[in-house]
Amino acid sequence: MSGTIAPLHLVIFLVVALVWGLNFAVAKLGLVQLPPLLFMGLRFALVAAILIPFVKPPSGRWLQVVGIAVTLGLLHFALMFSGLRVLDAATAAIAIQLQVPFAALLAAVFFKDKLGWRRALGMAIAFVGVALVAGEPRLDGQYLALFLVIAAACTWSIANVQIKFLTDVDGFSLNAWMALFAAPMLLIASLLFEEGQVEIILQMNWVSVFAIFYQSLLVVVFGYGCWYWLLRRYSFNQAMPFTLLVPVVGVFSGVLFLDESLTLYLIAGGCLTVIGVAIIVLRRPKVAAPTAERQ
């Protein structure tokens with residue numbers, strides 16, 4: 001692997017972080033018209049349609065992939081987007097970062113990965129940061145939505161453990177087959193818990209269509225395609241710091257494009273959360289490696 005990052009590859013790393021960070025605002029726009037389960041069902045259906053023709057089947061690993069589809073595809077995204085529909089994109093972009101300390105805790109339990117005082121400190125700082133954001137007066141009445149996003153972060157960390165046991169399936173194949181199984185689960189859940197799906201699909205405006213294609217083509221196909229390509233050339237230690245830009249872009253995308261308020265609570269809590277996550281990522285970059293979808 002290369003010791004220094006080439007200028008072109010540096011630009012690609014930054015563009016991927018930008019695409020992933022902007023996804024919070026784009027998803028928020030899509031949720032104006034689309035209910036969360038239907039939104040995710042359509043998104044995963046498109047991802048599967050794009051990727052399945054180009055990947056190998058996970059022979060002998062079908063049960064594990066279905067399990068990841070339940071945990072990550074169904075539960076994580078259902079919780080995340082249900083919370084995001086109510087919360088500001090900026091708040092959600094910060095709260096979902098708790099997936100990193102949750103993942104570090106589970107890595108210590110399942111993989112005997114020693115925490116150490118530095119990573120323990122990073123976890124504490126990250127949780128304090130989110131608590132500070134949660135204490136903001138404007139979140140009054142939105143605590144259930146915030147809890148859903150934090151639960152989504154915890155669910156992602158569980159899926160991360162599942163993925164790390166699946167060492168013989170590459171990231172692109174996992175994203176493709178997980179999408180194939182997650183799409184019908186989410187669409188069935190939408191039929192059970194949401195209403196008016198046919199009318200909503202027939203009346204979708206260009207913003208909703210753009211949100212679905214942005215998440216499918218840019219976040220998954222482009223974003224993860226570039227990420228996996230770059231990881232073949234650079235180490236986790238070189239790559240993972242770029243993921244710290246995602247919540248920063250997520251916050252400012254909400255402020256710039258959705259007219260959300262950039263308050264002192266949000267700035268202070270966001271800074272603490274990113275600092276805490278940075279300590280964990282820089283100490284053990286593989287703990288939070290996005291081997292499957294994170295946004």
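All figures in this text were calculated on a predicted structure; none of them were measured in a lab. When a residue number appears, it is its place in the shown sequence, counting from 1.
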Point to revise | OH (Tyr143) with more than 12 external heavy atoms under 6.0 Å | key: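 Yes, the 6.0 Å shell around OH holds more than 12 heavy atoms from other groups.
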
Practice item. Take atom CZ of Phe147 as the centre, draw a 6.0 Å sphere, and report whether it contains more than 12 heavy atoms from other residues, nucleotides or ligands. Key: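 12 or below, so no.
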
Exercise for review: Given side-chain contact (heavy atoms from CB on, under 4.5 Å), test Arg233 with Ile5 step by step and report yes or no.
Suggested key: CA-CA 9 Å; Arg233 290 159 176 79; Ile5 300 176; over 6 Å; no

Exercise: identify the closest heavy-atom pair between [X] and [Y]:
X      : Y      : value
Leu245 : Ala17  : CB-CB, 4.0 Å
Ala153 : Leu98  : CB-C, 3.9 Å
Ser157 : Ala103 : CB-N, 3.4 Å
Pro101 : Val277 : CD-CG2, 4.4 Å
Ser82  : Leu148 : CB-CD1, 4.0 Å
Ile125 : Gly276 : CG2-N, 3.8 Å

If a pair satisfies salt bridge (Lys or Arg N to Asp or Glu O under 4.0 Å) and one of its residues is in [range], list it, with sequence neighbours excluded.
range            : answer
residues 46-63   : Arg61-Asp168
residues 14-26   : none
residues 84-96   : Asp88-Arg138
residues 252-261 : none

Point to revise | Test ring-ring contact (aromatic ring centres under 6.0 Å, His included) applied to Phe213 - qualifying residues, sequence neighbours left out | key: none

Check your understanding: Mind checking what makes ring-ring contact (aromatic ring centres under 6.0 Å, His included) contact with Phe127, not counting sequence neighbours?
Key ->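 If we apply the ring-ring contact (aromatic ring centres under 6.0 Å, His included) test to Phe127, skipping adjacent residues, the hits are Phe102.
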
Exercise for review: Mind checking the CG-CD spacing from Leu231 to Gln238? Nearest 0.5 Å is all I need.
Suggested key: 10.0 Å

Check your understanding: Tell me, which pairs form a side-chain hydrogen bond (donor to acceptor under 3.5 Å, both in side chains) where one or both residues lie in residues 264-278, sequence neighbours left out?
Key -> none

Review point. With Val249, which of Leu256, Leu22, Val19, Asn23 fulfils side-chain contact (heavy atoms from CB on, under 4.5 Å)?
Key: Leu22

Does any part of the side chain of [Y], heavy atoms only, come nearer than 4.5 Å to the side chain of [X], both counted from C-beta?
X      : Y      : answer
Phe236 : Val281 : no
Val100 : Thr243 : no
Asn160 : Leu106 : no
Leu139 : Leu87  : yes

Name every donor-acceptor pair, under 3.5 Å, that has one atom in a side chain of residues 7-16 and the other anywhere in the protein, sequence neighbours excluded.
{"from": "His9", "atom 1": "ND1", "to": "Tyr234", "atom 2": "OH", "distance (Å)": "2.6"}

Exercise for review: May I ask you to check whether Tyr224 and Trp20 place their ring centers less than 6.0 Å from one another?
Suggested key: yes

Review point. Looking at Phe39 versus Phe77, is the centre-to-centre ring distance below 6.0 Å?
Key: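 No.
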
**Study point:** All side chain to side chain donor-acceptor pair (under 3.5 Å) counterparts of Thr263, not counting sequence neighbours
**Key:**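 So Thr263 forms a side chain to side chain donor-acceptor pair (under 3.5 Å) with Glu136.
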
Practice item. Would you please name every residue forming a side chain to side chain contact (heavy atoms under 4.5 Å, CB included) with Val207, sequence neighbours left out? Key: Leu29, Asn205

Point to revise | Transitive ILVMFWY cluster of Leu202, excluding itself - 4.5 Å side-chain cut-off | key: Val198

Pairs of donor and acceptor atoms involving the side chains of residues 185-193, under 3.5 Å and at least two apart or interchain, shall be tabulated with distances.
{"from": "Ser190", "atom 1": "OG", "to": "Glu194", "atom 2": "OE1", "distance (Å)": "2.7"}
{"from": "Ser190", "atom 1": "OG", "to": "Gln197", "atom 2": "NE2", "distance (Å)": "3.1"}

